[in-house]
Each structure stands twice: as C-alpha cells, then as structure tokens.
K.L.:
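Could you have a look at this structure, given as structure tokens, before my questions?
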Amino acid sequence: MANAVTVEDVNKTLDQSLSQLFESNRFQELLDVMSRNKTYSFNNMLLIAAQKPNATMVMGFKEWNKLGRHVNKGEKSIKILAPLVGKAQVEKTDPITKQPVIENNKVVTEEQKVIRGFKMVSVFDVSQTDGKEIPQVRDFINREMENDDYMAALYKDYKAFLTTSKDQVVNEQETDKGVGGYFNRATGDIVISTNENDNDTEKFRVLIHEYAHALLHHKESPLKDLPRGHKEAQAESAAYVVTKYYGLDQGSESVGYIGTWAQDLKLARKALGEVQEIANTIIDDINLLQKEKIQSFYVDQSKEYESAKDHLINYHKIDPKAFEADTKE
C-alpha cells in the first residue's frame with residue numbers, strides 16, 4: 001500500500017511534530033485541539049495540531065458528504081493515522097492472573113487482531129467545507145454555562161456525583177492565602193477553598209484540576225512519585241482541556257514545567273496521553289450530569305428539521321419521497 005507507514009516511521013513523525021510544537025512555543029495549540037476534537041487518539045490530535053491548530057471538527061471526505069457538506073475545492077487535507085489491522089497467533093492469557101494459559105505443558109495460543117502498521121488518511125476541518133449547518137451540542141452547553149445559576153447547580157451536582165458515584169470525598173473549607181484547593185494524597189480527599197474562590201465557576205475549575213490529580217496521582221498510582229512540577233503540569237493540562245471544551249477559558253499555569261518535557265519526547269507523549277484519557281473521563285461524567293439538557297437539544301434540533309420538512313412539502317410541493325433517504329441512513 002503506497003501510503004502505508006511502519007510503526008517506527010509513525011513514532012518518528014509524532015516525535016518531530018511534538019518537538020516542533022515545543023520549539024515554537026505552540027504547546028497550548030495542542031491542548032486547544034484536544035479540547036475540540038475529543039474522539040481522536042492523542043497521536044492524531046498531535047498530527048492535527050501540527051498541521052491545522054485551529055481545527056474544530058475533523059472528518060473524512062465521505063463523512064462530510066453524509067452530513068450534507070462538501071469539501072471546498074483546493075483545500076489541503078490534514079493527514080492522520082489509521083491502523084492496518086491483521087490477524088496473528090498470540091499467547092492466550094488468563095483474564096485474572098494475566099499469566100499465559102498452559103495446557104499439556106504447552107502455552108496456548110489464539111488468533112487475535114493486531115496492528116501491523118499504519119496508513120496515512122486524509123481528513124478536513126469543518127472550516128474547509130461548505131453546506132448544511134451542523135448544530136453542535138457543545139456550543140449549546142457553552143451558552144448554558146454562561147449562566148451563573150446554571151454553573152452553581154452544575155458545581156453542586158458534580159460534587160455530589162463524585163461523592164456518590166466515584167467515592168471521591170470533596171470538602172469545602174478555608175485555606176491559606178493563594179490556595180484555591182488541593183488534593184490530599186494521604187487521605188484521597190479534595191478540598192475546595194471557601195475564601196480563595198469568588199464564585200461557583202471558579203470552584204468548578206478548581207475541582208476539575210484537583211480531581212485530575214486524584215485520578216492521576218493517588219497513592220496507588222505509579223505516577224505518584226513523579227516531580228511535583230510534572231504532576232502539576234498534567235493536572236493543569238487536563239483541567240485546561242476540560243474547561244476549554246466547555247468554553248470556560250483559563251490560562252495554563254504550568255507551562256514552565258511543560259517546557260522540560262521537550263527534553264524527553266517519549267515521556268511527553270506518555271504524559272499527554274494520560275492527560276487526554278483523564279480529560280475525556282471528566283468530560284463524559286460532566287456530560288452525563290447534563291444528559292437532560294443534551295437530550296432536549298437533540299429533540300429541539302429534530303423538531304426544527306421536521307418543521308422545515310413539513311414546510312417544504314406543504315408550501316413548496318416538494319415530493320415527500322425526497323426525504324426518504326434521510327431515514328435510510
């Protein structure tokens with residue numbers, strides 16, 4: 001396959017892309033891309049950020065066509081990775097002990113799908129396309145979060161959710177000056193300051209940061225003994241991605257330490273992969289709390305579509321069969 005690349009080539013390309021972002025002080029652009037393109041792997045986030053850092057919604061040519069949009073003539077594609085999957089005989093492991101399964105003094109093998117390499121595929125950002133408008137639920141939630149009362153309720157609900165569903169204790173109390181909150185690794189508790197945060201939106205931001213610490217750096221975590229600056233950089237990066245996703249802009253306070261990651265690109269990619277995983281976990285949980293709002297958004301969008309369809313049929317005499325393709329997708 002002409003556009004196939006080896007794992008070694010992939011790692012080289014990814015290291016070059018990350019190194020360029022560090023060298024040109026464009027690290028925040030990577031976090032911005034991560035906040036806007038949640039469904040892609042970290043490796044593809046990195047490639048998108050290196051090629052089109054303002055990308056907000058990325059899909060392939062055919063996927064855009066299915067949504068009623070087309071790629072504008074002359075647009076340069078963004079190259080990302082797609083795995084080449086094959087089958088191979090691998091050792092079977094016990095799901096509990098994680099040790100190889102042995103029968104008749106022989107290790108048992110089984111056929112599994114494995115990644116044999118990668119190929120480069122072309123995708124395009126929504127800004128490179130034209131056609132039917134695509135309402136995004138994230139934009140709807142962003143507008144909701146501009147309301148102080150909504151944020152107060154969400155902060156309260158998120159605290160309760162962490163306590164009841166995640167066994168995460170969150171306390172509010174006075175703290176030292178300049179300390180908006182902290183994660184106590186010894187107890188596993190999170191503390192949110194009552195005197196250093198001016199409103200519930202600030203408390204919400206602090207809670208996300210400290211919960212990222214709790215997920216990444218708890219006392220059983222293999223990451224717990226990493227340098228403090230490394231841990232702060234991870235938590236701050238995760239909090240940045242989450243708050244940016246919801247339109248709650250905030251500056252990254254740990255860019256100083258992030259610069260040291262440029263000296264060890266393998267460590268940087270691992271650290272940022274962990275940041276993405278934790279940020280996506282937090283976003284999924286917060287979206288779960290807003291399920292009713294999100295469902296109402298899609299219901300409203302559906303009503304708008306049905307209303308427009310009825311108008312075209314009744315007033316412009318469009319054949320109803322023209323809409324049947326929509327229901328067959």
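All values below were derived from every heavy atom in this structure, side-chain atoms included, with hydrogens, water molecules and symmetry-related copies excluded.
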K.L.:
Heavy atoms only: give me the nearest Val107-Pro100 pair and the separation to one decimal.
P.N.:
CG1-CB, 4.2 Å
K.L.:
Relative to each other, are the rings of Phe27 and Trp261 parallel, tilted or perpendicular (30° and 60° limits)?
P.N.:
perpendicular
K.L.:
Given Asp284 and Lys38, is the salt bridge (Lys or Arg N to Asp or Glu O under 4.0 Å) satisfied, shown in steps?
P.N.:
CA-CA 10 Å; Asp284 288 341; Lys38 181 174 174 289; 2.8 Å; yes
K.L.:
Run Val123 and Asn44 through side chain to side chain contact (heavy atoms under 4.5 Å, CB included) and show every step you take.
P.N.:
CA-CA 11 Å; Val123 293; Asn44 279 332; over 6 Å; no
K.L.:
Identify the two heavy atoms, one from Arg269 and one from Asn11, that lie closest to each other, and give their separation to 0.1 Å.
P.N.:
NH2-OD1, 2.9 Å
K.L.:
Check whether any side-chain heavy atom of Glu274 sits under 4.5 Å from a side-chain heavy atom of Leu223, and report yes or no.
P.N.:
yes
K.L.:
Quick check: is Leu288 connected to Ile278 through a chain of hydrophobic side chains (ILVMFWY, heavy atoms under 4.5 Å apart)?
P.N.:
yes
K.L.:
Heavy atoms, side chains only, cut-off 4.5 Å: are Ile286 and Phe204 in contact?
P.N.:
yes
K.L.:
Output the distance between atom OG (Ser77) and atom CG (Asp125), rounded to the nearest 0.5 Å.
P.N.:
12.5 Å
K.L.:
For Met59 and Leu67, what are the C-alpha separation, side-chain angles and deciding distance, and is it a side chain to side chain contact (heavy atoms under 4.5 Å, CB included)?
P.N.:
CA-CA 10 Å; Met59 295 185 195; Leu67 291 176; 3.4 Å; yes
K.L.:
Can you find a pair of side-chain heavy atoms, one from Glu196 and one from Lys177, that are under 4.5 Å apart?
P.N.:
yes
K.L.:
Would you check if the side chain of Gln51 reaches a backbone N or O of Leu47 as a donor-acceptor pair within less than 3.5 Å?
P.N.:
yes
K.L.:
Less than 4.5 Å apart, any side-chain heavy atom of Leu272 and any of Leu18?
P.N.:
yes
K.L.:
On the 0 to 90° scale, with breaks at 30° and 60°, tag the Phe124-Phe61 ring pair as parallel, tilted or perpendicular.
P.N.:
perpendicular
K.L.:
Using a distance-only test with no angle check, is there a side-chain donor-acceptor pair under 3.5 angstrom linking Tyr246 and Asn287?
P.N.:
yes
K.L.:
Report the C-alpha distance between Lys159 and Ile192 in whole Å, list the side-chain angles of each, state the deciding distance to 0.1 Å, and finish with yes or no for side chain to side chain contact (heavy atoms under 4.5 Å, CB included).
P.N.:
CA-CA 10 Å; Lys159 279 198 305 175; Ile192 306 298; 5.5 Å; no
K.L.:
Just wondering, do Val5 and Leu81 contact through their side chains at under 4.5 Å, heavy atoms?
P.N.:
yes
K.L.:
Between atom CD of Gln173 and atom CG of Asp189, what is the distance when rounded to the nearest 0.5 Å?
P.N.:
9.5 Å
K.L.:
Ignoring hydrogens and geometry, is there a side-chain-to-backbone donor-acceptor pair from Glu75 to Val71 under 3.5 Å?
P.N.:
no
K.L.:
Evaluate the side chain to side chain contact (heavy atoms under 4.5 Å, CB included) criterion for residues Val206 and Asn197: first the C-alpha distance (whole Å), next the side-chain angles of each, then the deciding distance (0.1 Å), finally the verdict.
P.N.:
CA-CA 9 Å; Val206 172; Asn197 298 301; 3.5 Å; yes
K.L.:
Can you check whether Lys231 reaches Arg185 side chain to side chain, under 4.5 Å on heavy atoms?
P.N.:
yes
K.L.:
For Lys224, look at atom NZ and say whether over 12 heavy atoms of other residues, nucleotides or ligands are found less than 6.0 Å away.
P.N.:
yes
K.L.:
Under 3.5 Å, is there a donor-acceptor pair between the side chain of Asn104 and the main chain of Lys106?
P.N.:
no
K.L.:
Checking the side chain of Gln168 only, and the main-chain atoms of Phe161 only, is there a donor and an acceptor separated by less than 3.5 Å?
P.N.:
no
K.L.:
Testing the basics here: between Ala279 and Ala238, what is the closest heavy-atom pair and its distance to 0.1 Å?
P.N.:
CB-O, 4.0 Å
K.L.:
List the atom of Arg26, the atom of Pro53, and the distance in Å for their closest heavy-atom pair.
P.N.:
NH2-CG, 3.9 Å
K.L.:
Determine whether Met57 and Trp64 make a side-chain contact, defined as any pair of heavy atoms from C-beta on separated by less than 4.5 Å.
P.N.:
yes
K.L.:
Rounded to the nearest 0.5 Å, what's the gap from CG on Asp285 to OH on Tyr158? Could you check?
P.N.:
5.5 Å
K.L.:
In terms of side-chain geometry, is the basic nitrogen of Lys12 or Glu8 positioned less than 4.0 Å from the acidic oxygen of its partner?
P.N.:
no
K.L.:
Is there a donor-acceptor pair under 3.5 Å between the side chain of Asp130 and the backbone N or O of His70?
P.N.:
no
K.L.:
Give a yes or no answer on whether the side chain of Glu210 reaches the backbone of Val191 with a donor-acceptor pair at less than 3.5 Å.
P.N.:
no
K.L.:
How close do Met145 and Leu248 get, heavy atom to heavy atom, and via which atoms?
P.N.:
SD-CD1, 4.1 Å
K.L.:
Which heavy-atom pair separates Ser193 from Thr175 by the least distance, and what is that distance?
P.N.:
OG-OG1, 2.8 Å
K.L.:
Is a side-chain donor or acceptor of Gln276 paired with a backbone partner of Phe42 at a separation under 3.5 angstrom?
P.N.:
yes
K.L.:
Could you check whether any side-chain N or O of Arg36 sits under 3.5 Å from a backbone N or O of Ala55, counting only pairs where one atom can act as donor and the other as acceptor?
P.N.:
yes
K.L.:
Under a 3.5 Å distance rule, please check whether Ser24 uses its side chain to pair with a backbone N or O of Gln20 as donor and acceptor.
P.N.:
yes
K.L.:
From Met34 CE over to Tyr240 OH, what is the distance, rounded to the nearest 0.5 angstrom?
P.N.:
11.5 Å
K.L.:
Hydrophobic clustering (ILVMFWY, side-chain heavy atoms < 4.5 Å, transitive) - are Val169 and Ile190 grouped together?
P.N.:
no
K.L.:
If we only count heavy atoms from C-beta on, is the Lys52 to Ser127 side-chain gap below 4.5 Å?
P.N.:
yes
K.L.:
Please tell me whether Lys92 and Thr109 have a donor and an acceptor in their side chains that are separated by less than 3.5 angstrom.
P.N.:
no
K.L.:
Mind checking whether His217 and His213 have parallel, tilted or perpendicular rings, split at 30° and 60°?
P.N.:
tilted
K.L.:
When you measure from the side chain of Asp200 to the backbone of Lys203, do you find a donor-acceptor pair of N or O atoms at a distance under 3.5 Å?
P.N.:
no
K.L.:
Let me confirm one number: the OH-CG distance from Tyr40 to Leu46, rounded to the nearest 0.5 Å.
P.N.:
15.0 Å
K.L.:
Got a second to check how far Leu226's CG is from Glu232's CD, nearest 0.5 Å?
P.N.:
12.5 Å
K.L.:
Cluster question for you: counting only ILVMFWY and a side-chain heavy-atom cut-off of under 4.5 Å, with indirect links fine, are Tyr182 and Leu216 together?
P.N.:
no
